[in-house]
Number of protein chains: 2
Amino acid sequence: MKPIDTAVRKPATLDDVAAIAGVSAKTVSRVVNRNANVSAATRERIEAAIRETGYHVNQAARSLAASRSFLIGAFMPHLSSFYFAEIFRGAAKACRQYGYHLVVEEFDHGVDTMVDRYEQGLRSARCDALILTPPVCDDERLLAALDRDGMPYVRIAPGIRPGVSAALSADDAQGVQQLARHLWASGRRRFAIIAGPADHAAAMIRENSFVETLAGLGGDPEGILLTRIELHESISESGRAATLDLLRRVDPLPDAIFAFNDEVAIGAMAAARELGLTVPGDVAIAGFDDSYIAQLAWPPLTTIHQPIADLAFQAVGVVASGESFAASQILLPTSLVVRGTA
Amino acid sequence: MKPIDTAVRKPATLDDVAAIAGVSAKTVSRVVNRNANVSAATRERIEAAIRETGYHVNQAARSLAASRSFLIGAFMPHLSSFYFAEIFRGAAKACRQYGYHLVVEEFDHGVDTMVDRYEQGLRSARCDALILTPPVCDDERLLAALDRDGMPYVRIAPGIRPGVSAALSADDAQGVQQLARHLWASGRRRFAIIAGPADHAAAMIRENSFVETLAGLGGDPEGILLTRIELHESISESGRAATLDLLRRVDPLPDAIFAFNDEVAIGAMAAARELGLTVPGDVAIAGFDDSYIAQLAWPPLTTIHQPIADLAFQAVGVVASGESFAASQILLPTSLVVRGTA
DNA sequence: TCTAATCATGTCAGCGCTGACAATGAGAAA
DNA sequence: TTTCTCATTGTCAGCGCTGACATGATTAGA
């Protein structure tokens, strides 16, 4: 008995299509690449031949000839899987749309340096451009290597060297402003912030925006409780510990807690509950990111939505649009999502 | 004022290296590809030249000449971002190790068919092999297209056509067995299962294993409460609703709930608490996956760890090892992780 | 000593495509 | 009619690398 259908079909080439359509390979190439200046009749004949042969462009050959790879590299550390997956989703969608492929390089802290990983991975793949997320986008040596190679890149939420490259950021301050107003409007007056490390650019922006907005509203900036956590193994556990510590230390207790991200907020909720406080009755809690754990929490977490996938989508758009994009600076809005905890 | 150092360095080629080392390009190629039969002296000379020029192989040229792309495609739907990120992590690590690159194709239900996505994406990238996750790995038409093209693939946790291709699975039954024994040993006797859809292969295996183990322990299979949920928008919300419904309907209440995955378990915890039950005091709750939300929950969720990243890592290993792998069948263990809810 | 086997290295075509440029032909302008 | 323009199509080299094969040098075996 023979195997069912092992007739392995060898991929068709431009020449195969050209022979069928009775034109030169170059003209088929023009059709495939959507060039102008091909007559409608020829185009149709070629398109039929393409369908008949099941032709698909050979990227390797195309890359070699055109000296572009149609590959966009995303260079990112293993952040939370949510952030990672969202970046991927946005970037992949855009790549599909613009005819690129996405190669993701994950940077594993401590294994080797970012420059090494870039050289071994993304550079030898000859990516046409790179998308950089924090904290990769803030590594001076990497940026220098990129510039040296003439490798174009766009940064997402960069913390350093503002303006020197294309960059996309979320307007964190604006969403936090909305949150602060919302809390104030619902009568909360005693605030606490579970803040991030001082070198975490975005966390600082969120913190400052919160304090300033409250001050503008008539609150007392000095009265806002603040505790700063380090980013350890389990972020939510750090958040829980910090909140527990804070709540045990102070009197009167805060009636609103702003955590600089959702995981910390989840930890803060656990801490509040452990001390017998109800959320949002005794204390309102809010996070930042609108990651999917925000909806998983109970009650679902009030948080600030950040358009991570959009950021990545537009980042790819910037590099794919082709023009010089050295100076593109894009700021995307964030927005308060009121759920059950504030 | 001139730009700092825009001296864009054009990538070195094999010929450049060869000229410096005073050998032919082919010999350099041998060194780069770790071929045997190059004398130690020559090898050293060439390696020095490679360092000097900063040479890195041009994948496009290599692919074209060798008619292999050194690309492995991962074809998966947008599952939970946790599952997705883990698969990615494992596969990327293995690719790095074996000198491949990873191209991830995300299948978006409803946009087009899997076969289309394969043909437009992964096939035109000329991947050397594909890694398929559920439910992509169970699409008859896709598998047929793959066989027709002679595209090698390995499936992770396949539900259909067992044994016809290389496949890696987690031993779900085993971990569930551990859980059932653990619950029984801690005195639980009234069980409920929040089960998945009947067409979700893994969910059914988990369900059956739970029932059978309990029966073997002396439990009454008929007495086990079972409710089956559909996989909607928010899985945890489905879990919450189903649990709420179940708990309101039955008397006496179960003292242990097994949810077929972690998100459902989180939903079940919310439901139990809403009805004033303590976890794990009144009712033990356990999930499956050991996803990162399990640690985020409070109390942290008792669950069954599934080696998702390992599965992907070994999947790449199978295809990268090169030999014929048509029949490789690998089963990886799962294990109970006792945390705070059972 | 001579032959065969083995190792180290080189030569060269060609993978499939595109950029640069050339050629062709049809209509417009002179 | 002649010249020019320009839309359409073709020719061809070569991108950087590797497989197949050839070559020369060395070593082992008889």
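Below, chain A is the first sequence line, B the second, and so on; all start at residue 1. Basis for what follows: all heavy atoms, side chains included, without hydrogens, waters or symmetry-related copies.
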When we call it a touch if two heavy atoms are under 4.0 Å apart, what does [X] touch: a base, just sugar-phosphate, or nothing?
X	result
A/S67	nothing
A/T27	sugar-phosphate
A/N58	sugar-phosphate

Closest to side chain of B/R30, choosing from C/dC21, C/dG10, C/dC7: C/dG10

Most 5' of B/A65 and B/R43 on DNA chain C, judged by nearest nucleotide: B/R43

Residue met sooner reading DNA chain C from 5', once A/A25 and B/A25 are mapped to nucleotides: B/A25

All ring-ring contact (aromatic ring centres under 6.0 Å, His included) counterparts of B/F88, not counting sequence neighbours: A/F84

Residues that A/R89 engages under side chain to side chain donor-acceptor pair (under 3.5 Å), provided they are two or more places apart: A/E86

Gap between atom OG of A/S69 and atom CG of A/L64 - 0.5 Å precision: 11.5 Å

Separation of A/M114 CE from A/L146 CG (nearest 0.5 Å): 12.0 Å

Nucleotide interval of DNA chain D bounded by contacts with chain B (heavy-atom cut-off, under 4.0 Å): D/dG16 to D/dG19

Steps toward salt bridge (Lys or Arg N to Asp or Glu O under 4.0 Å) verdict (A/R96, B/D116): CA-CA 13 Å; A/R96 217 140 68 212; B/D116 288 345; over 6 Å; no

B/N35 CG to C/dC7 P, straight-line distance once rounded to whole Å: 14 Å

Close side-chain approach of A/Q97 to A/F313, heavy-atom, < 4.5 Å: yes

Short side-chain N/O contact to C/dA8 OP1/OP2 from B/T42, under 4.0 Å: no

